[in-house]
Amino acid sequence: NLPVLFAVLLILLAPGAHAQDENDSSGAGLHKPYFKVSFDYVNNNVYLGRKDSVSTPYFSPQVAYHFKSGIFLNAGASYLPTESRIDVSTIGAGYAFAKKKWDGEFSAEKYFYNSQSKNVKAETKGDVSATIEYDAHFIEPGITTFVSFSQKNDYGASLNLVHDFSLFS
């Protein structure tokens, strides 16, 4: 599966990853290319209030490369330990920006679900989203809006509270 191979290669190439300077609220941090690595764990994946009758825990590493222009590419995979398989892999692209105390991004992702997946989101082909956040130093409140594409599209919005931690800065 090509998307899984792509995600694994990016994860293996990212050990020297670092994030932009979080103290730089001028937006200048977007003018330096950087890697960003993240890892999520959910003990029961739920999509917009919909869930399967069986618990769906995921271990989900993701890696992204941000170019000087603000454009970024990302890839990830979600491992389903109860089935010992990668249940979904993703690839995406977007644009991130910073202006004074405001940060935001626009992105699009394509999903590749395992043919055996029972995830309620498995029929979703991809999504587009937009996020805007205000840097209040310790915490960044924000909002994210999205459209998920399937036979019948889903639209949504969420309020966010974010605090980033940096390693190797």
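In this text, all values refer to a predicted model and were calculated from it rather than measured experimentally. Just so you know, these numbers use all the heavy atoms, side chains as well, and skip hydrogens, waters and symmetry mates.
Taking Leu159 as the reference, Ile143 meet the side chain to side chain contact (heavy atoms under 4.5 Å, CB included) condition, with sequence neighbours excluded. Here Phe59 pairs with Tyr41 under the ring-ring contact (aromatic ring centres under 6.0 Å, His included) rule; sequence neighbours left out. By the side-chain hydrogen bond (donor to acceptor under 3.5 Å, both in side chains) test, Asn160 pairs with Thr144, Ser158, sequence neighbours left out. For Phe72, the ring-ring contact (aromatic ring centres under 6.0 Å, His included) partners are His66, not counting sequence neighbours. In this view, Glu123 satisfies the salt bridge (Lys or Arg N to Asp or Glu O under 4.0 Å) rule with no residue, not counting sequence neighbours. Among residues two or more places apart in sequence or in another chain, the ring-ring contact (aromatic ring centres under 6.0 Å, His included) test is passed with Phe149 by none. Residues that satisfy the side chain to side chain contact (heavy atoms under 4.5 Å, CB included) test with Ala130, not counting sequence neighbours, are Phe106, Thr145.
Here the closest heavy-atom approach between residue Ser78 and residue Ser60 is recorded as OG-OG, 2.7 Å. The shortest heavy-atom contact between Ser129 and Phe146 is CB-CB, 3.9 Å.
Between Tyr65 and Lys36, every side-chain heavy-atom pair lies at or beyond the 4.5 Å cut-off. Put simply, the side chain of Pro57 reaches to within 4.5 Å of the side chain of Pro81, judged on heavy atoms. For the pair Leu161/Glu140, no side-chain contact is recorded, criterion being any heavy-atom separation below 4.5 Å from C-beta on. In this structure, the side chains of Tyr79 and Ser84 come closer than 4.5 Å at one or more pairs of heavy atoms. At least one side-chain heavy atom of Gln62 sits less than 4.5 Å from a side-chain heavy atom of Asn74.
Separation of atoms OH (Tyr113) and CD1 (Ile86) is listed at 13.5 Å; rounding is to 0.5 Å. Going from atom NZ of Lys121 over to atom CG of Asp127 covers 5.5 Å, rounded to the nearest 0.5 Å. A distance of 14.0 Å separates CD1 of Ile139 from OH of Tyr134, quoted to the nearest 0.5 Å. Between the NE2 atom of His137 and the NE2 atom of His163 there is a distance of 13.0 Å, given to the nearest 0.5 Å. To the nearest 0.5 angstrom, Tyr111 atom OH is 12.5 Å from Lys125 atom NZ.
Under the salt bridge (charged side-chain N to carboxylate O under 4.0 Å, His left out) criterion, the residue pairs touching residues 80-92 are Glu83-Arg85, Arg85-Asp87, with sequence neighbours excluded.
Through direct or relayed side-chain contacts under 4.5 Å between Ile, Leu, Val, Met, Phe, Trp and Tyr, Val42 connects to Tyr58, Leu80.
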_What verdict does the side-chain contact (heavy atoms from CB on, under 4.5 Å) test give for Asp135 and Glu133, after you've listed the backbone C-alpha separation in whole Å, the side-chain angles of each residue and the deciding distance to 0.1 Å?_
CA-CA 7 Å; Asp135 184 0; Glu133 296 171 341; over 6 Å; no
*Given the rule in the side-chain contact (heavy atoms from CB on, under 4.5 Å) test, do Phe35 and Val63 qualify, once you have shown the distances and angles that lead to the verdict?*
CA-CA 7 Å; Phe35 276 104; Val63 64; 4.2 Å; yes
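One hydrophobic cluster, built from ILVMFWY side chains closer than 4.5 Å, cannot hold both Val37 and Val162; they sit in different ones. Under the 4.5 Å side-chain heavy-atom criterion for Ile, Leu, Val, Met, Phe, Trp and Tyr, Ile71 and Ile132 are members of the same hydrophobic cluster.
For the pair Lys110 and Phe112, the cation-pi test (distance below 6.0 Å, angle within 45°) is passed.
Side chains of Ser148 and Thr124: no donor on one and acceptor on the other come within 3.5 Å.
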